[in-house]
Amino acid sequence: MSTLQNSKLAFIGGGNMASAIIQGLLKQGITSGNVTVSEPWDINREKIAALGVCTTTSNVEAGGEADIVILAVKPQVTQSVCEELATAWSQRSTLPVVVSIAAGITLKSLQEWTKTSDRRTAHTVRVMPNTPALVGEGASGLFAGTDVTEAEKKLVDALLGSVSKATEWVDREELLDVVTGLSGSGPAYFFAMVEHLVASAEALGLPKEQATRLATQTCLGAGKMLVESSDEPAQLRKNVTSPNGTTYAALQTFESLGFKQIVDKSVQAATHRAAELGGTPRKS
Ligand SMILES: NC(=O)C1=CN([C@@H]2O[C@H](COP(=O)(O)OP(=O)(O)OC[C@H]3O[C@@H](n4cnc5c(N)ncnc54)[C@H](OP(=O)(O)O)[C@@H]3O)[C@@H](O)[C@H]2O)C=CC1
Ligand SMILES: O=C(O)[C@@H]1CCC=N1
């Protein structure tokens with residue numbers, strides 16, 4: 001059975017997320033010569049090639065013979081990419097394990113689109129990673145159909161686990177859309193929060209560079225406490241909040257302006273959009 005280290009990996013699409021995962025994998029010691037990336041844009045391809053991995057403009061050249069094929073293209077082009085690969089896979093006796101990171105695209109669609117000419121279907125795992133994979137701090141949700149073997153699941157777990165600190169297998173496929181709304185899109189929520197914190201402090205007179213350093217370290221420090229402390233987030237929040245003090249004043253303002261509703265509605269919007277991208281809009 002292949003291990004991650006001796007598997008030939010193909011990334012179809014060499015954009016933001018593929019690049020984050022590849023850099024994370026290389027930092028973990030994956031052999032660069034075992035990784036091939038197909039990417040139409042010269043600029044993206046050159047950036048990826050600079051990492052030492054193989055690059056091509058041809059999806060079939062990258063994914064035709066690979067052991068694990070990671071579909072890292074936008075949801076809207078996933079079907080055409082799958083159909084192109086399926087034609088090449090029709091010549092193979094053993095099909096690759098397919099890993100799709102495309103938001104919303106269902107296993108049912110992926111299996112349909114990757115059917116070979118003799119109606120075989122590649123074993124497919126859906127994954128929702130996030131860009132902190134770049135620094136080995138990713139969080140990934142995973143879901144596999146019943147055809148995927150334990151050994152294949154372990155292989156995909158090792159792939160994502162090498163760039164993620166949390167790899168969470170969900171037991172219903174639609175929960176991957178929730179993972180998308182939480183951790184897939186989540187880094188952007190924190191970056192937006194830091195952007196606003198910096199702008200607020202700057203408006204109150206703090207130089208931008210100092211505000212950025214303080215806000216960034218606050219985010220990192222709070223994140224580290226969440227990881228290392230045995231306390232719940234609510235307790236950590238209370239520990240900062242002196243009665244009638246400064247934090248209380250800020251959190252009261254959050255509450256009066258509907259912070260909870262903003263977060264609820266935002267995570268719902270992302271979750272619903274993921275389902276919509278996959279052609280299975282959620283009911284609520
Ligand atoms: N970015 C993120 O934080 C996350 C993204 N995802 C998922 O990852 C996938 C990729 O997202 P992301 O990396 O952000 O997107 P990008 O647009 O950065 O990367 C996708 C790349 O694939 C290229 N491409 C387009 N068509 C083809 C084709 N036919 N064959 C090969 N490559 C092609 C794109 O070119 P072009 O620009 O011309 O289209 C682009 O360079 C998406 O499905 C997204 O849902 C999942 C988790 C997190
Ligand atoms: O915005 C998106 O659609 C992708 C999926 C999760 C993060 N980025």
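These numbers come from a predicted model, not from an experiment.
Note that CG of L197 and CG of L206 are 11.5 Å apart. Values are rounded to the nearest 0.5 Å. Distance check, rounded to the nearest 0.5 Å: OG of S185 to CZ of R273 gives 11.0 Å. Rounding to the nearest 0.5 angstrom, the gap separating the CG atom in L134 from the CE atom in M17 is 8.5 Å. Atom NZ of K115 sits about 12.0 Å away from atom CD of E83, to the nearest 0.5 Å. Note: L26 CG to I22 CD1 = 7.5 Å, rounded to the nearest 0.5 Å. Rounded to the nearest 0.5 Å, atoms CD1 (I21) and CG (N16) are 11.5 Å apart.
Shown here for L4 and S162, the closest heavy-atom pair between the two residues is CD2-OG, 4.3 Å. Across L107 and T124, no two heavy atoms sit closer than the pair CD2-O, 3.5 Å. Scanning both residues, W113 and I105, for their nearest heavy atoms gives CZ3-CG2, 3.5 Å. Residues L182 and V267 come closest through the heavy atom pair N-CG1, 4.4 Å. P75 approaches A103 most closely through the heavy-atom pair CG-O, 3.5 Å. The heavy-atom pair separating N6 from D67 by the smallest distance is O-OD2, 4.2 Å.
Checked by atom type and distance alone, the side chain of T56 pairs as donor or acceptor with a backbone atom of S58 at under 3.5 Å. Distance alone, capped at 3.5 Å, is enough to place a donor-acceptor pair between the N34 side chain and the Q5 backbone. Side-chain atoms of Q235 never come within 3.5 Å of backbone atoms of E232 as a donor-acceptor pair (strictly under, hydrogens ignored). Of the possible polar contacts, none joining the S140 side chain to the S164 backbone as a donor-acceptor pair under 3.5 Å is found. In this structure a side-chain-to-backbone donor-acceptor pair under 3.5 Å is missing from N44 to G15. Side-chain atoms of S256 come within 3.5 Å of backbone N or O of T253 as a donor-acceptor pair.
Around atom CD1 of I43, no more than 12 heavy atoms belonging to other residues, nucleotides or ligands sit under 6.0 Å away. K265 NZ: 12 or fewer foreign heavy atoms inside a 6.0 Å radius. In Q268, the CD atom is crowded: over 12 heavy atoms of neighbouring residues, nucleotides or ligands sit closer than 6.0 Å.
A donor atom on one side chain and an acceptor atom on the other are found under 3.5 Å apart for S19 and Q23.
Both V263 and M193 sit in one connected hydrophobic cluster of ILVMFWY residues. Membership requires side-chain heavy atoms under 4.5 Å apart, directly or through other members. When hydrophobic clusters are built by joining Ile, Leu, Val, Met, Phe, Trp and Tyr residues whose side-chain heavy atoms come closer than 4.5 Å, directly or via intermediates, V240 is not grouped with Y248. In the hydrophobic clustering of this structure, I12 groups with V77; members are Ile, Leu, Val, Met, Phe, Trp, Tyr whose side-chain heavy atoms approach within less than 4.5 Å, directly or through other members.
L277 is listed as a side-chain neighbour of Q76, based on a closest heavy-atom distance under 4.5 Å. Counting heavy atoms from C-beta on, the side chains of I101 and F11 never come closer than 4.5 Å. Taking the side chain as every heavy atom from C-beta outward, V179 and E168 never approach each other to under 4.5 Å. Side-chain atoms of S32 and L51, non-hydrogen and from C-beta on, never get closer than 4.5 Å to each other. In this structure, the side chains of L71 and L85 come closer than 4.5 Å at one or more pairs of heavy atoms. For the pair T78/C82, a side-chain contact is recorded, criterion being any heavy-atom separation below 4.5 Å from C-beta on. Counting heavy atoms from C-beta outward, L159 and L25 have side chains that approach closer than 4.5 Å. Using a 4.5 Å heavy-atom cutoff, the side chains of V60 and E84 are in contact.
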Q.
Between R45 and D42, is the salt bridge (Lys or Arg N to Asp or Glu O under 4.0 Å) condition met? List the steps.
A. CA-CA 5 Å; R45 220 175 34 259; D42 292 350; 2.6 Å; yes
Q | Derivation of the side-chain contact (heavy atoms from CB on, under 4.5 Å) call for L251 and F259 | A | CA-CA 9 Å; L251 292 179; F259 183 60; over 6 Å; no
Q: Check step by step if salt bridge (Lys or Arg N to Asp or Glu O under 4.0 Å) holds for R126 and D177.
A: CA-CA 11 Å; R126 271 186 68 189; D177 296 335; 3.6 Å; yes
Q: Please step through side-chain contact (heavy atoms from CB on, under 4.5 Å) for the pair E173 and T106, ending with a clear verdict.
A: CA-CA 8 Å; E173 184 172 2; T106 62; 3.7 Å; yes
